[in-house]
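Questions regarding the structure given below will be posed in turn.
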Amino acid sequence: MIPYGRQDIQQADIDVVLDVLHSDFLTQGPMVPRFEQAVAEKVGARHALAVNSATSALHVACLALGLGEGDWLWTTPVTFVASANCGLYCGAQVDFVDIDPRTYNLCPRALGAKLEQAEQTGRLPKVVVAVHLCGQPCKMEAIHALGQRFGFRIIEDASHAIGGQYQGEYIGSGRYSDITVFSFHPVKIITTAEGGMALTNNDALASRMDLLRSHGVTRDPELMTHEVDGPWYYQQVALGFNYRMTELQAALGVSQLERLDDYVATRNALATRYDEQLAGLPVTTPWQHPDSYSGRHLYVIRLELNQVRVTHRQVFESLREQGIGVNLHYIPVHTQPYYQQLGFRPGDFPEAECYYAQAISLPLYPTMNDTQQDLVIAALRQSLEAS
Ligand SMILES: *Cc1c(COP(=O)(O)O)cnc(C)c1O
């Protein structure tokens, strides 16, 4: 089976992890701050906070922004469930904005229209989560301008997008958002096994997220509410969690980060090769905005179903039968049973649902070779011709 995604672990990665195992600290040592500093420097952010997953990063990001009961969080329906669940964790309500049919990202025009309506009914969102689907950045300048006008805060869910750029700057620089989140799950661009990070240029948000990732407990007298009893003293000043990243994970991250630019370049080269090889087939290849350099976490094609005699499901099944580990990113979140029970219905976000009816993620990972890619292309060709 050719998988849809796969990590690349080299001897240098293994060596740094073994070094940590032989060291004094398996957690709360020097590696986590080293990884944080390296990522912050790489993308041009002031603060970076490593946590045990992007889901945790989204949670502490929402809490730091003050999201709570009575508030709304808006995001795209075409994303992993975590981009929406973080709002529910905080007791807020979640709503969605339909996608741009060209980029498959949250559509700034649909966002603007929905905001104008929400202003009338007094239900403006407190937080908007912009997801850079497949690695392609959202139109952040437009979303930021709407944020200024309607008073919401912005989280970039850049789980797919580390190493990519928007308007010539690395994603994570935070020019158009409050907080950016990365995921280091093994299928993502670089990995720490499980792991995530929240980046911000705002000192207060960084300090709050730092507190929340580790029980809400501090040893910093500045954050304490009363006198220090003695050198043993710590204080719990918020209800936090244990969302810490381990030293083993951070060491792997430091080592992987050195290859980030190479990974993204390889992914882009493979994507370009797909674009060229699929040109004659009845599929829509991913359109790229000229402002963006995508991290290319995923390569999603849309089937032109009126041009073929096979169904979406038949093509998907045929590819799996031929040993091609295709996938579908994503089932629109509002159609999930949990969200249906909150009142969402099929038909609520038609562009997202139309995308879902046609999309297939083809295998793409940095160690994929041309022979493997040719196998995927041949299998796709065959599955589209079958009837
Ligand atoms: C993978 C992913 C997440 C969650 O990442 P974890 O590190 O597995 O928690 C969140 N949002 C998006 C868009 C993702 O792809």
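Order of listing sets the numbers, starting from 1, for every ligand and every atom in it.
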Quiz prompt | Sub-4.5 Å side-chain heavy-atom contact between L133 and Y330 | solution =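 Touching, per the 4.5 Å side-chain cut-off.
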Practice problem: State if Y330 counts as touching ligand 1 under the rule of any non-hydrogen atom under 4.0 Å. | Solution: yes
Practice problem: Please list all pairs passing the side chain to side chain donor-acceptor pair (under 3.5 Å) test where one or both residues lie in residues 14-30, with sequence neighbours left out. | Solution: Q11-D15
Exercise. Consider ligand 1: state whether an atom of it lies below 4.0 angstrom from any non-hydrogen atom of G195.
Key: yes
Quiz item: Any idea which atoms of ligand 1 are less than 4.0 Å away from a heavy-atom of A54?
Solution: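 In order of numbering, the contacting atoms are 4 (C), 5 (O), 6 (P), 7 (O), 9 (O).
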Quiz prompt | Proximal atoms of ligand 1 relative to D157 (non-hydrogen, under 4.0 Å) | solution = 10 (C), 11 (N), 12 (C), 13 (C)
Quiz item: At the 4.0 Å heavy-atom cut-off, does S83 count as touching ligand 1?
Solution: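 For ligand 1, residue contact (heavy atoms, under 4.0 Å) with S83 is present.
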Quiz prompt | From the candidates H59, K188, H132, H160, the one that places a heavy atom nearest atom 2 (C) of ligand 1 | solution = K188
Exercise. Pull out every atom of ligand 1 sitting under 4.0 Å from any heavy atom of T79, numbered as shown with elements.
Key: 13 (C)
Quiz item: So which bit of T55 gets within less than 4.0 Å of ligand 1, heavy atoms only: side chain, backbone, both or neither?
Solution: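 Answer for T55: both.
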Practice problem: Could you tell me the residue and atom name of the protein heavy atom closest to atom 10 (C) of ligand 1, and the distance to it rounded to 0.1 Å? | Solution: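 Looking only at protein heavy atoms, the one closest to atom 10 (C) of ligand 1 is S159 OG, 3.4 Å.
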Practice problem: Before accepting this row, confirm whether a basic side-chain N of the pair R46/D203 lies closer than 4.0 Å to the acidic partner's carboxylate O. | Solution: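 Yes.
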Quiz item: Would you call D262-R267 a salt bridge at under 4.0 Å N-O?
Solution: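 Not counted as a salt bridge, because no side-chain N and carboxylate O are separated by less than 4.0 Å.
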Quiz prompt | Nearest atoms (heavy-atom pairs only) where L199 meets G172 | solution =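 L199 and G172 have their closest heavy atoms at CB-O, 4.3 Å.
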Exercise. Can you run down the ring-ring contact (aromatic ring centres under 6.0 Å, His included) pairs that involve residues 106-154, sequence neighbours left out, and say none if there aren't any?
Key: H144-Y176
Exercise. Give a yes/no verdict on a cation-pi contact between K114 and W74, requiring under 6.0 Å between NZ or CZ and the six-membered ring centre and an angle within 45° of the axis.
Key: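 Here K114 passes the 6.0 Å and 45° test against W74.
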Self-check item: Geometric N/O contact V131 with ligand 1, under 3.5 angstrom
Solution: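 By distance alone, the answer is no.
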